[in-house]
Protein chains: 2
Amino acid sequence: MSGYSIKNLAGQFGVTPRALRFYEDKGLLSPARRGQTRIYSERDKTRLLLTLRGKRLGFSLEECKEIIDMYDPSQSNDTRQLVRLCQKITEHRRALLEKMKDVEATLKTMDEVEQNCLDKLLKNVAQG
Amino acid sequence: MSGYSIKNLAGQFGVTPRALRFYEDKGLLSPARRGQTRIYSERDKTRLLLTLRGKRLGFSLEECKEIIDMYDPSQSNDTRQLVRLCQKITEHRRALLEKMKDVEATLKTMDEVEQNCLDKLLKNVAQG
DNA sequence: ACATAAATTTACGTTAACGTCAACTTTAGC
DNA sequence: GCTAAAGTTGACGTTAACGTAAATTTATGT
């Protein structure tokens, strides 16, 4: 009785069932099955959240998978793999900090345009 | 003598000439012409910068155009249009602040994973 | 002037990320 | 037990954002 149906989970995130099946095909989700029917767990729900978050930031599904697979608690204990993981994290962090800068730069320009716009409006009120 | 050739400008931003022609087709750039040949101005260069910045943040070229056209100094003085512009800015700012939150959330999760990873590495060193 | 490098248009090809049937099976409420 | 709703697997369609190749014109260095 536990877990979400495909329609339910899709509904929660405002996407279609087709999208969930597609994400599964790409290895982002791996729901259990009751017969043929998919049943999504909390883990699937979390992975879906992270997938959509990644998408909003402009990552491809493939990149999302890489990132999310890192996060997943199925990490090994092998020293080499752990070091490799740390490297990957550092790399991804760089990309994210770049995005952060892009956001900030865009917001700043936006503020300037708004200020200019408000100035013009004030003039219109005074004159017109 | 002033202005950039298509190859030069493309090279400066690490994209192909084809991309610049494509952006022009979509109304993002409108370079001058010497005969048939395109010549890109500083304005074009700025618009290209903003286009690529928008792309990195996951905006479509159409969304980029909307945003960039707002920024452009060819704004009218009509009160209605200025008010409309302010509304658009507010709307876009909301989207950007959302992205910002997504970035922060991802960075936070990343830090946690890294910490967990470093802990495991320490144990490995201690144990051998 | 002439070869070479760069630019142009036209047009078809490609990849990602789903949308949209169709045809069929399964599940759930009454 | 039966019907309607929900789910499943193909398989083909679509849009965005270019890539790529061909055929032709235009600059440029010597």
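All chains are named by letter (A, B, ...) in the order of the sequence lines, taking the proteins before the strands, and each is independently numbered beginning at 1.
Remark: C1' of D:dA16 and CD of B:Glu63 are 12 Å apart, rounded to the nearest angstrom. Residue B:Glu24 contributes atom CD, which lies 8 Å from atom P of C:dT9 at whole-angstrom precision. Atoms CD1 (A:Ile39) and P (D:dA6) sit 17 Å apart, rounded to a whole Å. Atom CD in B:Glu62 sits about 13 Å away from atom C1' in D:dA17, given to the nearest Å. Straight-line distance from the CZ atom of B:Arg33 to the P atom of C:dT8: 6 Å, rounded to whole Å. In this structure, CG of A:Leu28 is placed 13 Å from P of C:dA16, rounded to the nearest angstrom. Rounding to whole angstrom units, CG of residue A:Leu48 and C1' of C:dA17 are separated by 15 Å. A straight line from NZ of A:Lys26 to P of C:dC18 spans 10 Å, rounded to a whole angstrom.
Between B:Phe22 and A:Ile6, the one whose closest nucleotide on DNA chain D sits nearer the 5' end is A:Ile6. Both B:Pro17 and A:Ala19 lie near DNA chain C, and the one whose nearest nucleotide falls closer to the 5' end is B:Pro17. Toward the 5′ end of DNA chain D lies the nearest nucleotide of A:Tyr40, the other residue of the pair A:Tyr40 and B:Phe59 mapping further downstream.
Contact annotation: B:Ser5 does not reach the phosphate of C:dA6 (side-chain N/O to OP1 or OP2, under 4.0 Å). Dashed line: the shortest gap from a side-chain N or O of A:Tyr23 to OP1 or OP2 of C:dC18 is under 4.0 Å. Considering only side-chain N and O atoms, A:Thr16 lies under 4.0 angstrom from the phosphate OP1 or OP2 of C:dG19.
If you check C:dT27, C:dT9, C:dA17 against the side chain of B:Gln36, the one that comes closest is C:dT9. Set against D:dT9, D:dA6, D:dC18, the side chain of A:Lys7 has D:dA6 as its closest nucleotide. Considering only side-chain atoms of A:Thr37, the nucleotide from D:dA17, D:dG7, C:dT8 that sits closest is D:dG7.
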| task | Could you please spell out the steps behind the side chain to side chain contact (heavy atoms under 4.5 Å, CB included) verdict for B:Asp44 and B:Tyr23? | result | CA-CA 11 Å; B:Asp44 291 314; B:Tyr23 297 159; over 6 Å; no
| query | Would A:Tyr71 and B:Asn116 satisfy side chain to side chain contact (heavy atoms under 4.5 Å, CB included), going step by step from the backbone distance to the final call? | reply | CA-CA 10 Å; A:Tyr71 295 171; B:Asn116 180 310; over 6 Å; no
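Residues B:Asp69 and B:Arg47 are paired through a salt bridge, judged by an N-O separation under 4.0 Å between the basic side chain and the carboxylate.
Counting atom types as modelled, A:Arg21 pairs no side-chain N or O with a base atom of D:dT8 as donor and acceptor under 3.5 Å. The base of C:dT8 lies outside donor-acceptor range of the side chain of B:Arg38, with no N or O pair under 3.5 Å.
Residues A:Asn8 and A:Gln12 bring a donor and an acceptor atom of their side chains to less than 3.5 Å of each other.
Partner of B:Leu97 under the side chain to side chain contact (heavy atoms under 4.5 Å, CB included) criterion, chosen from B:Lys99, B:Arg94, B:Arg93: B:Arg93.
Within 4.0 Å of A:Lys55, counting heavy atoms only, lie sugar-phosphate atoms of the nucleic acid but no base atom.
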